[in-house]
There are 2 protein chains.
Amino acid sequence: MEQQSLNRAGLKQCIIDGGLKATHQRIVIFEALEALHGHHPTAEDVFQLLKPANPSISLGTVYKTLDSFVEAALIRRVLSEEGGKRYDANTVSHSHIYCSNTKEIIDYEDAELEQLLQDFFSKRNVENFEIKSFAVQLTGNKVEPDKQISIKPVN
Amino acid sequence: MEQQSLNRAGLKQCIIDGGLKATHQRIVIFEALEALHGHHPTAEDVFQLLKPANPSISLGTVYKTLDSFVEAALIRRVLSEEGGKRYDANTVSHSHIYCSNTKEIIDYEDAELEQLLQDFFSKRNVENFEIKSFAVQLTGNKVEPDKQISIKPVN
DNA sequence: ATCCTAAATAAGAATTTTTCTTCACTGAGA
DNA sequence: TCTCAGTGAAGAAAAATTCTTATTTAGGAT
C-alpha cells in the first residue's frame, strides 16, 4: 500500500511533467499501464483492469486518456498487425516480436541490435524525413518446449 | 487492355498457387492491391476503388478475401499505429516509415539495412522463437520543402 | 459439354471498436 | 475561496469488422 502511494506521487509528477492535469483517473490509468507492463493492452484491457476498484470510470475516459498520454509522449502506441490500438508504458527504445500463431506481441530488448541501428541511422540520411525513432519488428512463431507433441508409447 | 488481360492470367495463377479458388472477385481485389502499391490500403480503400467497375461486390467479401490472401501469404498486413487493418501486395522484405504528422505509412527500401539485419539475425539466436521475418519501423516527420512557412514581407 | 459439390459471394444484420456530445464536476492557480 | 479551462461519466453515434444465410460459382468428375 505504501509503495503504491509512493508510485502514485511519482506518476502524478510524470503526468504533470507531460503538461497534463494529474487527475485521479489519469493516475490510476497510468498505474494500470505499468501493471500491464509487457502486455501491450488495449483501452478495453485497461478498462477491465480498472473497473473493479474504480466502478465509476468510463471507457471513453480511458480511450481519451491513453491518447493524451501518447500525445504527451508519456507512453507509446504499439504497432499491431491485428488492427486494434495497443499501448505500452515502456518508452525505452525496444523491439517487438509478433507471434503469428498466438497473435501475441512480446518485448524484445537487444542492446547490440539497438547500437547497430543507432550507428546505421546516425550515418544514413533518410530523404525528406526527420527520423525520431526506430524499432525492429520481428515476426515468428513461439517455440514452446512444454507444448511439444510427444506420443507416449503404449506400455 | 491487353496488358490487363495478361496481368489477370498471372494473378489468377498466383491465387491458384496460393491454394485458393481464382474467382472473379479475388482477381479484381488482387488487381486493386497492385494498383494501390505503396498506399497500404484498408479494406474500405480497396472496396471504394473496386465499386465503380464492380457494383455488385460486397465489402464483406473484400474483408474476407484480404484475410485469405494474408493467410495464403500472397500479401501482407502492414503494421499500424492507427489501429486499422492495412494491406500490402509488396511481399519483398522492406521497411516502413510512419509519419506522425500525416499518419502516412511510406515504404522504405534500403538494401544495406536489409543486409545488416540479415547478417545480424543469421548469427543471433532469439530464444524460444523461430523468426520468420523482420523489418525496421521508422517513425518521423516528413520534411516537405513546399510546405515551409514563409512570411512574405510587406512591400 | 454437363453435372456435382465444396467453397465463395451478396446482402445486410450483428458485433466490436472508437469517437463524439452533453452536461456536471474538479484541480490548481489567482 | 473563487474561478474556469480542462476533465469525467454516460450514453449516443459512427466506424470498423465479423457473422449469417440463401444463392451462386469454380473446377473437378462424369
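Note on naming: letters A, B, ... go to the chains in the order of the sequence lines (proteins, then strands), and numbering restarts at 1 for each one. Please read all numbers here as calculations on a predicted model, not as lab measurements. Heavy atoms only: backbone and side chains are in, while hydrogens, waters and symmetry mates are out.
Looking at B:T42 and B:D45, their side chains do bring a donor and an acceptor atom within 3.5 Å of each other. With no hydrogens or angles considered, no side-chain donor-acceptor pair links A:T65 and A:Q25 at under 3.5 Å.
No salt bridge links A:E81 with B:R76; every basic N to acidic carboxylate O contact stays at or beyond 4.0 Å.
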Hey, mind stepping through A:K142 and A:T102 against side chain to side chain donor-acceptor pair (under 3.5 Å) and telling me if it holds?
CA-CA 8 Å; A:K142 225 179 186 173; A:T102 66; 5.3 Å; no

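Distance from the side chain of A:K21 is smallest for C:dG27 among the nucleotides C:dT19, D:dA9, C:dG27. Nearest nucleotide to the side chain of B:I57, out of C:dA28, C:dT19, C:dA10: C:dA10. For A:R26, whose side chain is taken as the heavy atoms from C-beta onward, the closest listed nucleotide among D:dT7, C:dA28, C:dA7 is D:dT7. Of the candidates C:dA11, C:dT9, D:dT7, the closest approach to any side-chain atom of B:S58 belongs to C:dA11.
In this structure, B:H24 and B:G83 both approach DNA chain D, and ranking their closest nucleotides by distance from the 5' end singles out B:G83. Along DNA chain D, the nucleotide closest to B:G60 and the one closest to B:K12 are compared, and the more 5′ of them pairs with B:G60.
Atoms CZ (A:F69) and C1' (D:dG8) sit 13 Å apart, rounded to a whole Å. Rounded to whole Å, atom C1' of D:dA15 lies 13 Å from atom CG of B:D45. Whole-Å rounding puts the A:K51 NZ to D:dA10 C1' distance at 13 Å. Between B:E82 atom CD and D:dA16 atom C1' the separation is 14 Å, expressed in whole Å. Between the C1' atom of D:dG8 and the CG atom of A:L66 lies a distance of 14 Å, rounded to the nearest Å. Distance CG (A:L20) to P (C:dG29): 14 Å, rounded to an integer number of Å. C:dA7 atom P lies 14 Å from atom CD of B:E71, rounded to whole Å.
Contact check, A:T23 against D:dG8: a side-chain N or O comes under 4.0 Å of OP1 or OP2. Residue B:T61 places at least one side-chain N or O closer than 4.0 Å to OP1 or OP2 of C:dA10. Note on A:S56: a side-chain N or O is less than 4.0 Å away from OP1 or OP2 of D:dA9. The phosphate of C:dT18 (OP1 or OP2) has a side-chain N or O of A:Y63 nearer than 4.0 angstrom. Distances shown here put every side-chain N or O of B:K64 at or beyond 4.0 Å from the OP1 or OP2 atom of C:dA11. Neither OP1 nor OP2 of D:dA26 sits under 4.0 Å from any side-chain N or O of B:Q25.
Within the nucleic acid shown, A:A43 has no heavy atom closer than 4.0 Å to any nucleic acid atom. B:N54 comes within contact range of no nucleotide atom at all, as no heavy-atom separation falls under 4.0 Å.
Placement of A:I97 and B:V78 in two distinct hydrophobic clusters is found when ILVMFWY residues are connected by side-chain heavy-atom separations under 4.5 Å, directly or transitively.
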